[in-house]
2 protein chains.
Amino acid sequence: MEKTVIELESAAQMLKLLGDKTRLTIMGLIKDGESCVCEFVEVLQMSQPSVSQHLRKLRDAGLVKERRRGQWIFYSVNRNHPTYPIVQQVLEQIPDQREKLQALEEAGLRIQCDL
Amino acid sequence: MEKTVIELESAAQMLKLLGDKTRLTIMGLIKDGESCVCEFVEVLQMSQPSVSQHLRKLRDAGLVKERRRGQWIFYSVNRNHPTYPIVQQVLEQIPDQREKLQALEEAGLRIQCDL
DNA sequence: TCAGTATATTAGCATATGCTTATATTTGCA
DNA sequence: TGCAAATATAAGCATATGCTAATATACTGA
């Protein structure tokens with residue numbers, strides 16, 4: 001496994017994207033899973049368009065992947081992104097956001113997205 | 001050595017600051033040393049006020065320390081910052097910026113800052 | 001085919017950001 | 001004391017960013 005140097009420019013772009021509380025939380029939520037937009041909206045308590053716009057930025061940069069499944073679109077971390085090694089380390093060192101998804105589940109609010 | 005969780009908010013703030021090519025380069029330049037403003041100006045090929053303003057942001061956030069030495073002010077990474085573990089890992093994975101300082105030295109341009 | 005749900009997109013606006021130009025401050029030295 | 005060098009600060013401006021409100025698109029199921 002070679003160690004690849006991450007270009008400064010792409011590193012800066014990725015850091016800028018993670019440098020936003022909303023987007024950093026989104027990445028933390030899907031650090032090893034996937035979630036659909038309605039879940040982000042619930043967890044983040046933000047408007048759907050606002051969440052969509054953040055997701056678009058992450059997707060345009062290639063940091064997340066999307067996968068349509070019926071009516072829902074699921075987002076997950078793109079582990080093939082050149083900067084993924086850093087992304088991963090960042091996500092390991094912030095508080096676990098996935099607990100918030102579990103809370104959703106307990107409240108029965110996650111069911112609608114199960115397909 | 002306990003593992004301290006870095007708060008999401010402070011992580012986001014730090015990532016945002018590093019998410020700028022100029023500031024990321026500055027951090028890379030001093031990742032294990034210190035430099036004065038005139039060196040940054042030379043290496044980055046930017047105006048002195050612009051560099052000063054970037055340094056101020058880094059200092060206001062506590063990511064760098066400053067140390068006056070005569071006419072010059074030297075900046076270095078603050079290793080006691082709560083987010084330093086992430087900062088360090090980021091800096092380890094981008095191209096080494098210190099070569100640019102060596103180039104300066106070879107060009108004799110670093111002499112003025114030796115005190 | 002039509003209505004409902006999930007998501008995306010667009011326009012508009014307020015605020016944040018980064019640069020330049022001009023000026024202030026601090027220090028060293030003659 | 002006074003000038004030059006290094007650095008900081010402030011004001012002004014153009015662009016970027018993130019939100020809301022409104023609308024468009026895509027899919028599902030009756």
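Chain identifiers are assigned alphabetically (A, B, ...) following the order of the sequence lines, protein sequences preceding nucleic acid strands; residue numbering begins at 1 within each chain.
Residue-level contact check: B:Lys21 touches neither bases nor backbone, having no heavy atom under 4.0 Å from any strand. Residue contacts for A:Phe40: at a heavy-atom cut-off of 4.0 Å it reaches no nucleic acid atom on any strand shown.
Residue B:Arg67 contributes atom CZ, which lies 15 Å from atom P of C:dT27 at whole-angstrom precision. Between the CG atom of A:Leu44 and the P atom of C:dT7 there is a distance of 13 Å, given to the nearest Å. Taking atom CD1 on B:Ile73 and atom P on D:dA5, their separation rounds to 17 Å, with Å as the unit. Distance, A:Lys57 NZ to C:dA8 P: 15 Å, rounded to whole Å. Between B:Glu66 atom CD and D:dT9 atom C1' the separation is 13 Å, expressed in whole Å. Straight-line distance from the CG atom of B:Leu55 to the P atom of D:dT9: 11 Å, rounded to whole Å. When the P atom of D:dA6 is taken as reference, atom CD of B:Glu42 falls 11 Å away, rounded to whole Å. Atom pair B:Met46:CE and D:dT7:C1' shows a separation of 15 Å (rounding to whole Å applied).
Across B:Arg67, B:Arg68, B:Arg98, a single residue satisfies salt bridge (Lys or Arg N to Asp or Glu O under 4.0 Å) together with B:Glu34, and that is B:Arg67. Looking at B:Val64, B:Ile86, B:Ile6, B:Leu63 one by one, the single match for side chain to side chain contact (heavy atoms under 4.5 Å, CB included) with B:His81 turns out to be B:Leu63.
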Without placing hydrogens or testing angles, list every side-chain donor-acceptor pair under 3.5 Å for residues 7-14 of chain B, not counting sequence neighbours.
| unit_1 | atom_1 | unit_2 | atom_2 | d |
| --- | --- | --- | --- | --- |
| B:Glu9 | OE1 | A:Lys21 | NZ | 3.2 |
| B:Ser10 | OG | B:Glu7 | O | 3.2 |

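A close approach under 4.0 Å does occur between a side-chain nitrogen or oxygen of A:Ser47 and OP1 or OP2 of D:dT20. For D:dC19, one of the phosphate oxygens OP1 or OP2 lies less than 4.0 angstrom from a side-chain nitrogen or oxygen of A:His54.
Taking only side-chain atoms of B:Arg56, from C-beta outward, the nucleotide of C:dA8, D:dT7, D:dT9 with the closest atom is D:dT9. Checking D:dC19, C:dT7, D:dA8 against the side-chain heavy atoms of A:Tyr75 singles out C:dT7 as nearest.
Heavy atoms only, all atoms of each residue included: A:Gly28 and A:Leu91 are closest at N-CD2, 3.9 Å.
B:Gln88 places no side-chain N or O within 3.5 Å of a backbone atom of B:Pro85 that could act as its donor or acceptor partner. Judged purely by atom type and a 3.5 angstrom limit, A:Gln97 uses its side chain to pair as donor or acceptor with the backbone of A:Pro95.
Side-chain to base pairing of A:Gln53 with C:dT10: one donor and one acceptor N or O lie within less than 3.5 Å of each other.
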Stepwise, does the side chain to side chain contact (heavy atoms under 4.5 Å, CB included) test hold for B:Leu18 with B:Met27?
CA-CA 8 Å; B:Leu18 295 197; B:Met27 294 297 281; 3.7 Å; yes
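Two residues, A:Ser50 and A:Lys16, neighbour DNA chain C, and the one matched to the more 5' nucleotide by heavy-atom proximity is A:Ser50. A residue-by-residue look at B:Val37 and A:Asp20 shows that B:Val37 has its nearest nucleotide of DNA chain D further toward the 5' end.
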Counting primed atoms, P, OP1 and OP2 as sugar-phosphate and everything else as base, the B/S/- map of nucleotides 22-30 of chain D against protein heavy atoms under 4.0 Å is B---SSS--
